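Below is one structure; the comments refer to it alone.
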Amino acid sequence: QWVIGPMTRANVKQTSGARTEPNKEVFYEYMKTFIIHYYVNVDDFDRILYKGKQFRILSIDEDRLANHKSIMTELVNE
C-alpha cells in the first residue's frame, strides 16, 4: 500500500530508454533523472509518479552547495 508523499516541481532528464521483448513480453527500460530542491524529504524506498507512470528510485545524490538532489530512477514495469 502506497501513501502519497510530498509533491514538488522537478527538472526531468531522460537518461536512457529502450523497449525489449524477452520471453515474448514487452519490457520498457526507461531511466530518468529527477532534480529537486534539497529540502524535499525523499528516500530510496519511495516511488515517483510522473505522467501516470511509476519510477523506482535507484540512487539519490545530494548536492548541498547547489541546494538540490539528483534522483536516478527506472520505470516500474507492471
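The shown structure was predicted, so the numbers you read here are calculated from the model rather than taken from an experiment.
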Review point. Of the non-hydrogen atoms in S16 and Q14, which two are nearest, and what is the gap between them?
Key: O-NE2, 2.8 Å
Exercise for review: Might you point out which heavy atoms bring F34 and A10 nearest each other, and give the distance in Å?
Suggested key: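 Closest approach of F34 to A10, heavy atoms only: CD2-CB, 4.3 Å.
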Can you tell me how far the [atom1] atom of [X] sits from the [atom2] atom of [Y], to the nearest 0.5 Å?
| X | Y | atom1 | atom2 | result |
| --- | --- | --- | --- | --- |
| T15 | M72 | OG1 | CE | 4.5 Å |
| D44 | S59 | CG | OG | 7.5 Å |
| I36 | N11 | CD1 | CG | 11.5 Å |
| I48 | I57 | CD1 | CD1 | 4.5 Å |
| L49 | M7 | CG | CE | 8.5 Å |
| T73 | M31 | OG1 | CE | 7.0 Å |

Review point. Are the side chain of K32 and the backbone N or O of V12 linked by a donor-acceptor pair below 3.5 Å?
Key: no
Exercise for review: Using the side chain to side chain contact (heavy atoms under 4.5 Å, CB included) rule, take K13 and I35 through it: C-alpha gap first, then chi angles, then the decisive distance, then the call.
Suggested key: CA-CA 8 Å; K13 296 181 180 178; I35 300 172; 4.1 Å; yes
**Study point:** Within 6.0 angstrom of N41 CG, more than 12 heavy atoms from elsewhere
**Key:**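 12 or below, so no.
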Practice item. Sort out for me which residue in V40, D61, V42 forms a side chain to side chain contact (heavy atoms under 4.5 Å, CB included) with I71. Key: V42
Practice item. Quick one: do K69 and Y38 satisfy side chain to side chain contact (heavy atoms under 4.5 Å, CB included)? Show the steps, please. Key: CA-CA 5 Å; K69 295 179 183 178; Y38 187 82; 4.2 Å; yes
